[in-house]
Visitor: 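Sending over a structure as structure tokens; questions will come in a sec.
Owing to the predicted nature of the structure, the values given are computational and were not obtained by experimental measurement. Quick note: numbers below take in every heavy atom, side chains included, and nothing from hydrogens, waters or symmetry partners.
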Amino acid sequence: MLEQQKVKLEDKLAVYDKYRSLWRAVVLQALLDIKTSSNDNIAIVNKSRAITWIDLDKKDFLDVCQRAELSPRKIYETKVRLLEKQKTL
């Protein structure tokens with residue numbers, strides 16, 4: 001009985017880890033979109049959307065960070081640093 005519960009818990013944790021990884025990938029992609037210097041129209045649109053989305057007042061952004069177990073403030077600060085770095089290039 002205990003062994004079955006342990007297996008079920010491990011299965012749930014594995015699923016949880018996959019979802020967390022998915023949400024982390026969403027945040028990572030947004031940061032990569034911000035970092036791009038491509039002049040491709042799609043890249044420009046994605047960059048603009050990512051810049052707008054990573055905002056401490058956006059519920060959607062905060063929800064994703066919570067699911068990804070990431071600090072929204074640190075992600076926002078990373079966005080600001082990436083944009084500042086691009087200004088100096």
Side-chain angles (χ1 to χ4, degrees):
M1 176 88 165
L2 258 162
E3 189 62 33
Q4 287 177 336
Q5 288 177 338
K6 182 180 175 185
V7 170
K8 287 181 183 179
L9 178 60
E10 289 172 356
D11 289 344
K12 287 180 182 180
L13 288 173
V15 169
Y16 176 79
D17 284 342
K18 289 178 184 177
Y19 280 113
R20 182 180 57 198
S21 295
L22 172 68
W23 292 115
R24 286 183 176 193
V26 169
V27 174
L28 175 60
Q29 186 60 56
L31 292 172
L32 290 172
D33 288 344
I34 290 170
K35 189 175 178 181
T36 190
S37 59
S38 173
N39 290 325
D40 175 72
N41 287 340
I42 294 173
I44 292 169
V45 169
N46 288 340
K47 181 174 187 166
S48 176
R49 287 179 178 168
I51 290 169
T52 302
W53 180 68
I54 296 179
D55 185 318
L56 296 174
D57 293 327
K58 299 271 186 182
K59 184 181 179 330
D60 181 50
F61 169 67
L62 298 173
D63 288 345
V64 169
C65 286
Q66 181 179 2
R67 290 181 176 122
E69 294 183 359
L70 296 171
S71 165
R73 180 154 309 280
K74 287 185 180 180
I75 299 302
Y76 178 81
E77 290 169 357
T78 300
K79 174 187 101 166
V80 170
R81 280 195 308 275
L82 288 171
L83 292 172
E84 287 174 354
K85 187 175 182 180
Q86 288 176 3
K87 287 180 185 177
T88 62
L89 295 179

Visitor: If you draw a 6.0 Å radius around CD in Q66, do more than 12 non-hydrogen atoms from other residues or ligands fall strictly inside?
Guide: no
Visitor: Which atoms form the tightest heavy-atom contact between S38 and I44, and what is the distance?
Guide: O-CG1, 3.9 Å
Visitor: Can you tell me if L13 has over 12 outside heavy atoms packed within less than 6.0 Å of its CG?
Guide: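 Atom CG in L13 is packed in, count exceeds 12.
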Visitor: Between the side chains of K8 and D11, is the shortest nitrogen-to-carboxylate-oxygen separation below 4.0 Å, so that they form an ion pair?
Guide: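 No, D11 and K8 are not salt-bridged.
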Visitor: Should we say atom CZ of R20 is surrounded by more than 12 heavy atoms from elsewhere, each under 6.0 Å from it?
Guide: yes
Visitor: What's the spacing between T52 OG1 and F61 CZ if we round to 0.5 Å?
Guide: 12.5 Å
Visitor: Within this structure, what is the NZ-CZ distance for the pair K47 and R49, rounded to the nearest 0.5 Å?
Guide: 15.5 Å
Visitor: Check the hydrophobic clustering (I, L, V, M, F, W, Y; side-chain heavy atoms under 4.5 Å; chains of links allowed) and say if L22 and V27 are grouped together.
Guide: no
Visitor: Closest approach of V26 and W53, non-hydrogen atoms and distance?
Guide: CG1-CH2, 4.0 Å
Visitor: Examine the side chains of S21 and R24 and answer whether a donor and an acceptor come within less than 3.5 Å of each other.
Guide: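 No - no donor-acceptor pair under 3.5 Å links their side chains.
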Visitor: Of all heavy-atom pairs between L56 and R73, which one has the smallest distance, and what is that distance?
Guide: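 So the two residues come closest at CD1-NH1, 3.4 Å.
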Visitor: Please report the interatomic distance CG(L62) to CG(D55), rounded to the nearest 0.5 Å.
Guide: 8.5 Å
Visitor: Please answer whether the main-chain N or O of K85 pairs with a side-chain N or O of T88 as donor and acceptor at a distance below 3.5 Å.
Guide: yes
Visitor: Membership question, hydrophobic clusters at under 4.5 Å side-chain separation (ILVMFWY): are L31 and W23 in the same one?
Guide: yes
Visitor: Could you tell me the separation between the CG atom of L28 and the OG1 atom of T78, rounded to the nearest 0.5 Å?
Guide: 11.0 Å
Visitor: Using the rule that two of Ile, Leu, Val, Met, Phe, Trp, Tyr join whenever any of their side-chain heavy atoms come within less than 4.5 Å, decide whether L70 and V80 are in one cluster.
Guide: yes
Visitor: Distance from D33 atom CG to I51 atom CD1, nearest 0.5 Å?
Guide: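 If we round to the nearest 0.5 Å, D33:CG and I51:CD1 are 9.5 Å apart.
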Visitor: Which residues satisfy the salt bridge (charged side-chain N to carboxylate O under 4.0 Å, His left out) test with K59, sequence neighbours excluded?
Guide: D63
Visitor: According to salt bridge (charged side-chain N to carboxylate O under 4.0 Å, His left out), who are the partners of R67, at least two apart in sequence or on a separate chain?
Guide: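 By the salt bridge (charged side-chain N to carboxylate O under 4.0 Å, His left out) rule, R67 matches no residue at all.
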Visitor: Would you say V64 and Y19 are hydrophobically clustered, going by side-chain heavy atoms of ILVMFWY under 4.5 Å?
Guide: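 No.
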Visitor: List the atom of K79, the atom of I34, and the distance in Å for their closest heavy-atom pair.
Guide: CG-CD1, 3.6 Å
Visitor: Taking atom CG of N39 as the centre, report whether more than 12 heavy atoms of other residues, nucleotides or ligands fall under 6.0 Å from it.
Guide: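 Not more than 12 within 6.0 Å, no.
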